[in-house]
Amino acid sequence: MNPNILFLLLDSFRADKCYGKNKTSKTPNLDALIKDSVYFSNVIASSDGTTLSLNSLFTGFFPFKTGLRAKKLQLHGGNFIDVLKKNGYHVYGITPHAHFFSPLYDYENLEKGISTKPDKSILVERKENSQEINIDPEFKKNKIYRDKNFIDGEILSAGTGQKIVDILASKKMKEPWFFYIHMCDLHWPHVVPSEFNNANFGQSHYERVLSALDYWLGKFLEKIDVNSTLFILTGDHGHLIPTDNKDITSFEPDLTLGLNVGKRLMPKFTHGVGTKFFVGLRSMIRDIRLVQANKKLTQHEKRSRLPPFTLSLFDETICIPLVFFGYGISPKIISQQVRNVDIFPTIFDIIDLSSKKQTSHGKSLLPLFHGKKMKELPAYFHSLPYEKISPYDIVGIRTSKFKYFRGSRDPKKNVNLYDLTKDPWEDFNIARERPDLVNKMEQLLTEITTDNLPEYRIEEISKKELAIIEKELKELGYI
């Protein structure tokens, strides 16, 4: 029988905060896992946003095939989950309860499918009082938890961790199973459980949340049979982590008192103008303070303080970790650049389904597991698009030596080139100094986007669906 597959994806999981000298979180379970795993330290996601990145993960195609402006997952046929299902796998999972994830909810193989709704995500019977599981008071104070209940089904520390433990312990999933878990603990805004909110668990709020996650990672690993289960841990994209835990909002003055006084003293018809004045004043003061605070910072430290959903193709937003553990895996650290489109082709090679999927951009990485050489392939990526078509949409390509990106509609706009060997933090744009290299990278980008691979049909989205998705994105702060 084929092995079971437990696939844990942590939304916004940065590679440099998973392993290496830049990590300050306290994660004994993660550290032990990497020691016993094949760990890829240089994995490039296809986008800085979830939708485009997951489309690449589940299809093996770069975003220009699955839709650069896709608003929801493109899983209407021929994707890797379909292949698993057709080859006898039973599909289970817990994912964010949002409409752009809705294509995942359709996978119902014999019993339950992928969803975060309580009646679909729980595969075992639970007692009434078992729903109240160690929900930290800090979570209940958080606006998202209080107003939108967004955390339910997506945050391990808010109860979902125990749900997953119960599912794995129940042994009720039909084998072989594929269990996909998508958790948003590391996604902004970061709500740190109180017992982890100190410097012992990380310098940043992000890393303290990762320290809290580590407990649940250990619990999951306790419940699986490593001889018959292939465990994959990765992310969909990275995240901006503000220097000194001070993002752009940290420099905004509190003008609430002045605004309230103005509303009481001024006629009602002037309130709109008055509000705009205070908003403008707040932004002006913020920008002055930010310039002063950023004077001695490097470029990557400065951009760390940008709003969380700023479009970015720097490594902090697209370099993700990748772990393979369990079934037939011998430990190895691999630093060669690979892509998230390579993940499922590698899984299929491990479980001997490599011939069952049509050609895609992704390639199996299994030879690297055994110490064999593989040609490094360039990584393509595209920013998550703005709500409306924008000149700030960016596209690029990366090798282990150079990073290149520019405006997606005008190759002469927003041109960036970085020497990753000399400048790993991407502080110095050398595009003007190296036009020859810009031309070479542009040619490489053109070659990738003019491939002869089969087309991937992009599913149309209705106006009703679009309205629902845009509402969700606004609630989450993306638009």
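Note that the numbering runs from 1 along the sequence shown for the chain.
- Side-chain N or O atoms of Asn4 include one that pairs as donor or acceptor with a backbone N or O of Trp177 at under 3.5 Å.
- Counting only distance, with no hydrogens or angles, the side chain of Asn416 and the backbone of Asn414 share a donor-acceptor pair below 3.5 Å.
- For residues 238-248, the set of pairs meeting the salt bridge (Lys or Arg N to Asp or Glu O under 4.0 Å) definition, not counting sequence neighbours, comprises Asp244-Arg305.
- Heavy atoms only, all atoms of each residue included: Pro103 and Leu75 are closest at CB-CB, 4.1 Å.
- The side chain to side chain donor-acceptor pair (under 3.5 Å) pairs that include a residue from residues 372-385 are Glu376-Ser400, where partners are two or more places apart or lie in different chains.
- Judged by distance alone, the side chain of Asn197 and the main-chain N or O of Val192 form no donor-acceptor pair under 3.5 Å.
- Contacts of His300 classified as ring-ring contact (aromatic ring centres under 6.0 Å, His included), with partners at least two apart in sequence or in another chain: Trp425.
- The neighbour count for Phe369 CZ, taken as heavy atoms of other residues, nucleotides or ligands under 6.0 Å away, is above 12.
- Applying the salt bridge (Lys or Arg N to Asp or Glu O under 4.0 Å) test to residues at least two apart or on different chains, the pairs with a partner in residues 19-46 are Lys23-Asp31.
- No donor-acceptor pair closer than 3.5 Å links the side chain of Glu175 to the backbone N or O of Met1.
- By the side-chain contact (heavy atoms from CB on, under 4.5 Å) test, Tyr392 is found to be paired with Tyr386, Ser390, residues two or more places apart in sequence or in another chain being considered.
- Listed by chain and number, the residues in a side-chain hydrogen bond (donor to acceptor under 3.5 Å, both in side chains) with Asp342 are Arg339 (sequence neighbours excluded).
- Proximity of a side-chain donor or acceptor of Arg208 to a complementary backbone N or O of Gly202 within less than 3.5 Å is detected.
- Remark: of the listed residues Phe58, Phe344, Phe178, Phe7, Phe344 is the sole one forming a ring pair (Phe, Tyr, Trp, His ring centres under 6.0 Å) with Phe80.
- Under a 3.5 Å cut-off, the side chain of Ser364 and the backbone N or O of Asp349 do not form any donor-acceptor pair.
- With sequence neighbours left out, Phe13 forms a ring-ring contact (aromatic ring centres under 6.0 Å, His included) with no residue at all.
- Listed by first and then second residue, the salt bridge (Lys or Arg N to Asp or Glu O under 4.0 Å) pairs involving residues 220-231 amount to none (not counting sequence neighbours).
- For Ser211 (side chain) and Phe201 (main-chain N/O), a donor-acceptor pair under 3.5 Å exists by modelled atom type.
- A donor-acceptor contact closer than 3.5 angstrom links the side chains of Asn340 and Ser53.
- Applying the side-chain hydrogen bond (donor to acceptor under 3.5 Å, both in side chains) rule to Lys65 yields the partners Asp451, Glu455; only residues at least two apart in sequence or on another chain are considered.
- Remark: the backbone N or O of Phe61 is paired with a side-chain donor or acceptor of Thr59 at under 3.5 angstrom.
- Annotation: ring-ring contact (aromatic ring centres under 6.0 Å, His included) contacts of Tyr206 (sequence neighbours excluded): His190, His239.
- Residues Lys219 and Val165 come closest through the heavy atom pair CB-CG2, 3.7 Å.
- Side-chain N or O atoms of Asp48 include none that pairs as donor or acceptor with a backbone N or O of Leu311 at under 3.5 Å.
- Across Val209 and Val191, no two heavy atoms sit closer than the pair CG2-O, 3.9 Å.
- With no hydrogens or angles considered, a side-chain donor-acceptor pair links Thr50 and Asp236 at under 3.5 Å.
- Between the side chains of Tyr180 and His182, a donor-acceptor pair is found at a separation under 3.5 Å.
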Check: residues 321-336 side-chain donor-acceptor pairs under 3.5 Å, at least two apart:
residue : atom : partner : partner atom : Å
Gln336  : NE2  : Met374  : O            : 3.2

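- Listed for the Asn245 side chain is a donor-acceptor partner under 3.5 Å among the backbone atoms of His205.
- Every residue two or more places apart in sequence or in another chain was checked for a ring-ring contact (aromatic ring centres under 6.0 Å, His included) with Phe220, and none qualifies.
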Given the rule in the ring pair (Phe, Tyr, Trp, His ring centres under 6.0 Å) test, do Tyr418 and Phe314 qualify, once you have shown the distances and angles that lead to the verdict? CA-CA 10 Å; Tyr418 298 92; Phe314 292 102; 5.6 Å; yes

